[in-house]
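Scroll down for the structure; my scribbles are underneath it.
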Amino acid sequence: MASETGTEVTDETSTEASEQSLLGTTEVADDRGAGPVASTETVIEARHLDVFYDDVQALQDVNIEIPEKQVTAMIGPSGCGKSTFLRSINRMNDLVDAARIEGELLFRGKNVYDEDVDPVALRRKIGMVFQHPNPFPKSIFDNVAYGLRVQDMDVDEQQVVEESLKKAALWDEVKDQLDQSALDLSGGQQQRLCIARAIAVDPEVILMDEPASALDPIATSKIEDLIDDLAEDYTVVIVTHNMQQAARISDKTAVFLTGGELVEFDDTEKIFENPEHQRVEDYITGKFG
Amino acid sequence: MSSETRDIVTDETNASRTAKEQTYRAIFLACGILSVLTTVAIIATLFSDALTFWSEVPIEDFLLGTNWSPQIEGSYGVLPLVSATLLITFGSAVVALPIGVLTAIYLSEYASDRTRSILKPTLEILAGVPTVVYGFFALVYVTPALGTIFPSISTFNALSASLVVGIMIIPMVSSISEDAMSAVPDSLRQASYGLGATKFEVSTTVVVPAAISGIFSSFILALSRAIGETMIVTIAAGSNARLIDPLDPFSAFLNSVEPMTAAMINIGKSDVDPGSLTYKSLFAIGLTLFAITFVMNVVSNLVAERYREEYE
Ligand SMILES: Nc1ncnc2c1ncn2[C@@H]1O[C@H](COP(=O)(O)OP(=O)(O)OP(=O)(O)O)[C@@H](O)[C@H]1O
Ligand SMILES: [Mg+2]
């Protein structure tokens, strides 16, 4: 076990190395032209995170530092714990009776599993978009305004709804039908609505669990463009099964492999072109998975 | 004939199976027809006897009359009975709808699996108590208890009957509403939690609205049940047929009233001559009652229809 963790990118000895490579990303690829990457802070950090469902261990000793205002992709074969990791960030796993967590998960340095953390308040800072679009059976407007209302936010609803829909690249398609049911939208539109709904409450982090897997290629590419834009203002963590998608949209990529192990985490280019681990290369080149 | 095709053509074993199938089919069909015929026959006798009654007492005098005194004055105004039925239904609704819905929310959103596995069967037991037991419970325990709060209460009164009818229909409201709430997709709850909603907000802003037609249809079914309830009201509400004054709910609830079902029982058990007008009035009341519950069932079906389209 110990010898294995020794090779992990994010454990104690290699943290510096990974910070170095963080600095390196400026020259690698920053096609968004965002600010200097050197100023990037860690927003979310997992330390020796284990997650169990009853007796089944879904995540094993995960260590990772997710940087601010970048897109971090999580890839790996089915059942390797990607969704579990995402849900443990904003404590959605609290809703699963069988789930149990060990280790630490820090949000801006604070362990979110500390007793004094209110999961409701946490989820107000860390929004989530799900695999299948799940708009409420309410109007388009009410869907976007929903979070503002439950969070009792003192804002101009009209304005926030419009801005959020614009950011989600949906405004032009729905501006004349805001009072119609969200269920009448197409799947791709519904998913963009769910993204608008998540950004309306102005979170710091947006977690996305395979947000495009239920969509056709055109709708998918709209979502991908959108994610690119979102990273200007938000930290985005996205789970995807689609390797090309991860390569296209992410700055950093984490590779989980069967057994709930985070095997490698690095700049996306490095992962796809020159991974440290043979198992990661095999997975990416399709030999395994 | 190849060996494969031999198996599928009609030979002796296959023929006997087909014959058996047809017998089963005939038995099931007969049962189906029997129940339909019974229903039709009941409605037909209700109608024909009610019509002979209305040939002697004009239907408008029956439906709009405000005095019910069949034996003494020969007066057949059904409104006092209808008003009593509505009063008790209203009273039971005030008890059962909120408690039933809150119970359903608790069961579907708050209760742990263990609590739910204890509470649900308990509620079902409540639904299985014979109504005659409820009736005596109202008369022997509830009315005296109410007497300590309202000293002027009559031995037979609408309040006690309403409360107990309400208790009786709580399980109906809670179990149908809970089914509707449990059917709300979990993805909607997740969406709501993900936006920083509390459990209470998830329940009130997502689950209840998405299940609203199911909840509404539980109300209507439970209220139909309350309207048709006979034993409790006959035992506990009394037989004083008076028109309820909606402006004076206190005296309405604290005194004896005679709902439609109780009036029917009271006529039925008195020694009226089967050919008499009073006897025939039984069917007129019965038909009126049937019309009310029928309309409520139609409404509830319409609501349930809508409910199916609520979310994909
Ligand atoms: N609610 C749950 N109860 C019990 N076990 C669960 C639950 N959710 C996930 N698991 C188990 O945890 C492991 C990881 O599941 P998870 O959903 O995180 O995988 P994933 O990487 O997201 O897979 P996929 O790519 O198929 O979505 C799996 O073995 C799964 O069976
Ligand atoms: Mg998953």
Side-chain angles (χ1 to χ4, degrees), chain A residues 83 86-87 89-98 118-139 142-153 181-185 187 190 193-194 196-203 205-209 214, chain B residues 101 104-120 177-217 302-312:
Chain A
S83 301
L86 218 56
R87 285 199 306 264
I89 297 175
N90 65 345
R91 290 187 59 173
M92 290 295 274
N93 268 340
D94 287 16
L95 308 175
V96 180
D97 284 337
D118 175 9
V120 169
L122 177 74
R123 292 181 201 128
R124 292 177 177 188
K125 295 209 180 292
I126 306 181
M128 193 161 202
V129 176
F130 300 81
Q131 176 168 5
H132 294 281
N134 54 356
F136 300 118
K138 302 176 189 290
S139 73
D142 287 349
N143 262 276
V144 184
Y146 182 86
L148 305 175
R149 290 173 188 165
V150 295
Q151 299 191 18
D152 239 334
M153 287 171 83
S181 170
L183 299 181
D184 295 339
L185 298 173
Q190 288 187 3
L193 179 68
C194 292
R197 184 173 70 181
I199 57 190
V201 293
D202 200 25
V205 180
I206 301 176
L207 309 174
M208 299 186 167
D209 196 347
Chain B
V101 171
I105 294 178
Y106 177 73
L107 283 175
S108 133
E109 306 302 311
Y110 285 81
S112 68
D113 289 348
R114 227 176 72 85
T115 320
R116 191 178 311 120
S117 71
I118 297 168
L119 227 111
K120 276 193 85 165
S177 297
E178 201 242 338
D179 288 346
M181 293 177 194
S182 304
V184 173
D186 224 24
S187 63
L188 295 182
R189 291 186 186 85
Q190 303 244 348
S192 178
Y193 280 119
L195 288 163
T198 59
K199 195 177 259 295
F200 180 74
E201 286 163 336
V202 172
S203 307
T204 53
T205 64
V206 173
V207 177
V208 169
I212 197 72
S213 336
I215 296 170
F216 193 54
S217 110
L302 289 178
V303 171
E305 195 68 28
R306 200 184 103 72
Y307 165 53
R308 271 195 284 280
E309 298 170 356
E310 191 75 30
Y311 37 77
E312 270 116 310

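Every chain is numbered from 1 and lettered A, B, ... according to where its sequence line falls, protein lines coming before strand lines.
Contacts between residues 192-201 of chain B and chain A, counted as heavy-atom pairs separated by less than 4.5 Å, involve B/S192, B/Y193, B/G194, B/L195, B/G196, B/A197, B/T198, B/E201.
Proximity to chain B involves both the backbone and the side chain of A/R197, based on heavy atoms less than 4.5 angstrom apart. With a 4.5 Å cut-off on non-hydrogen atoms, A/P119 does not touch chain B at all. Using a 4.5 Å cut-off between heavy atoms, A/L207 does not touch chain B at all.
Note that the CG atom of A/L95 and the CG atom of B/D186 stand 8.0 Å from one another [nearest 0.5 Å].
Heavy-atom neighbours of A/F130 CZ from other residues, nucleotides or ligands within 6.0 Å: above the threshold of 12.
Residue with the most contacts toward chain B among A/V201, A/L122, A/V150, A/N90: A/V150 (heavy-atom pairs, distance under 4.5 Å). Each of A/V120, A/D97, A/V129 has some count of heavy-atom pairs under 4.5 Å with chain B, and the biggest count is that of A/V120. Of all the listed residues (A/H132, A/M128, A/M92, A/K125), the one sharing the greatest number of non-hydrogen pairs under 4.5 Å with chain B is A/M92.
Residues B/P209 and A/K138 meet the side-chain proximity criterion, which asks for heavy atoms closer than 4.5 Å.
When all heavy atoms of B/L188 and A/F136 are compared, the pair lying nearest together is O-CE2, 3.4 Å.
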